[in-house]
A.B. asks: 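Dumping the structure here so I can ask a few things about it.
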Amino acid sequence: VELIKIIEISLTKMGMAHVTSGRKNLSYQDLTFEQNVLSMTREQLIQGVLKRMLIREDELRRSPEIQERYAQAEISNDQSWLDVTHDLQKQIIKEFGLEDEMDDALNCLRCATQIYPDLKDIPLYIRNNRARDGDLHVGSIAPDTPIIKLDGSESPHAQDEWPICSARFSPHGSPILYNQTMTVQDRIAVSKDFMRDFDLKIPVVLDNMANTFEKIYSPWPLRIYIIDPSKNLMYKARPDERMLELNELIQYLEAI
């Protein structure tokens, strides 16, 4: 499989930890600079091979061995979970006999769901990715949404959804493992654990079980809005090169 270098250039421009991270509504055309790239690439790629590679990656990511490697990486000063994922994907490339095309094959694997959108339900990091831009834009009226207080009145990756054994920022140094919450009381309990473990002092409220706030405001994994007293949405932060530019936010606040 010989892939064109234009994909590699485009991935660098996108600037996420992985090509699809936080890009749920990204189309394959967004990966290219020229119209003829799509047809050229489709002729060179075999969808069935990519599908089997994605299935294999999903299988390995969930395996006890890889989860243990993730856990060890998260408490290491020398590597991160991204290094484990990179090595895992290289292993898959070798298993499929594409070692001589390693760099291009890695890019192909990471772009697979953009090249072939009907493969998007295979990788766990795509099917469980909630990151999206959302429908709100500067000038919109910020809608009210129901929220839940920690007493239950209305006003992190779950291990059964997206396992990663993350422990890097855990105060007790061990992986933070919770299943996806199914009830309001479950959600309150997890939130109280979070506040206790991280000694959180700021006010905390929760989305309801229909995730109404998330659906309207698209805050996952991170979002900053500025809303004026009349509920006009005046500022909406967007990531640039994997980061939110806080200097831009500060300058905007100073300006108003």
Side-chain angles (χ1 to χ4, degrees), residues 16-18 20-26 74 81 120-121 123-172 174-240 242-246 248-249 252-253:
M16 301 301 285
H18 285 301
T20 52
S21 294
R23 307 283 179 159
K24 191 169 186 177
N25 56 357
L26 185 73
E74 285 294 281
W81 66 270
K120 62 180 172 53
D121 292 330
L124 63 88
Y125 51 89
I126 299 297
R127 66 176 182 266
N128 292 321
N129 186 5
R130 297 192 187 100
R132 59 192 183 89
D133 189 39
D135 299 325
L136 295 182
H137 53 83
V138 172
S140 299
I141 296 297
D144 290 334
T145 65
I147 56 174
I148 298 170
K149 300 177 183 179
L150 292 179
D151 62 3
S153 60
E154 208 175 274
S155 167
H157 292 308
Q159 65 173 342
D160 57 341
E161 178 183 90
W162 191 337
I164 200 169
C165 289
S166 176
R168 184 171 296 272
F169 300 107
S170 170
H172 41 69
S174 58
I176 301 172
L177 301 175
Y178 285 95
N179 288 331
Q180 186 61 265
T181 56
M182 304 304 292
T183 68
V184 168
Q185 292 306 316
D186 289 343
R187 188 165 287 187
I188 291 172
V190 173
S191 301
K192 287 183 174 179
D193 286 352
F194 172 77
M195 296 175 68
R196 177 201 65 209
D197 291 347
F198 289 88
D199 194 27
L200 200 65
K201 303 299 184 184
I202 63 174
V204 173
V205 293
L206 312 177
D207 207 350
N208 61 18
M209 297 312 295
N211 295 325
T212 304
F213 181 85
E214 180 190 36
K215 291 173 182 175
I216 293 176
Y217 284 90
S218 307
W220 195 91
L222 181 62
R223 176 80 73 191
I224 299 173
Y225 286 112
I226 296 177
I227 301 170
D228 75 5
S230 299
K231 297 186 180 180
N232 293 303
L233 200 158
M234 303 178 67
Y235 176 88
K236 178 179 180 178
R238 289 183 173 88
D240 181 26
R242 299 198 304 268
M243 306 295 286
L244 287 179
E245 181 52 67
L246 295 183
E248 178 185 281
L249 172 67
Y252 189 88
L253 288 171

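Worth saying up front: this structure is predicted, and the values here are computed from it rather than measured.
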A.B. asks: Is the shortest heavy-atom distance from the side chain of Ile226 to the side chain of Leu249 under 4.5 Å?
C.D. replies: yes
A.B. asks: Out of curiosity, Thr145 OG1 to Asn211 CG, how far, rounded to the nearest 0.5 Å?
C.D. replies: 11.0 Å
A.B. asks: Nearest 0.5 Å please: distance from the CD1 atom of Ile224 over to the CD atom of Glu248.
C.D. replies: 10.0 Å
A.B. asks: Is there a side-chain contact between Arg187 and Asn208 (heavy atoms, below 4.5 Å)?
C.D. replies: no
A.B. asks: Assign the ring pair Phe213 / Tyr217 to parallel, tilted or perpendicular, where the plane angle (0 to 90°) is split at 30° and 60°.
C.D. replies: parallel
A.B. asks: Got a donor-acceptor contact below 3.5 angstrom from the Tyr252 side chain to the Met234 backbone?
C.D. replies: yes
A.B. asks: Side chains of Pro143 and Leu136: closer than 4.5 Å at any heavy-atom pair?
C.D. replies: yes
A.B. asks: Would Asn232 and Ile141 satisfy side-chain contact (heavy atoms from CB on, under 4.5 Å), going step by step from the backbone distance to the final call?
C.D. replies: CA-CA 5 Å; Asn232 293 303; Ile141 296 297; 3.0 Å; yes
A.B. asks: Which pair of non-hydrogen atoms, one from Met209 and one from Met182, has the smallest distance, and what is that distance?
C.D. replies: CE-C, 3.5 Å
A.B. asks: Yes or no on side-chain contact (heavy atoms from CB on, under 4.5 Å) for Val204 and Lys192, after CA distance, side-chain angles and deciding distance?
C.D. replies: CA-CA 9 Å; Val204 173; Lys192 287 183 174 179; over 6 Å; no
A.B. asks: State the CG-CD1 distance between Asp144 and Ile216, to the nearest 0.5 angstrom.
C.D. replies: 9.0 Å
A.B. asks: In terms of side-chain geometry, is the basic nitrogen of Asp207 or Lys215 positioned less than 4.0 Å from the acidic oxygen of its partner?
C.D. replies: no
A.B. asks: What are the two closest heavy atoms between Gly134 and Ser218, and how far apart are they?
C.D. replies: CA-OG, 3.1 Å
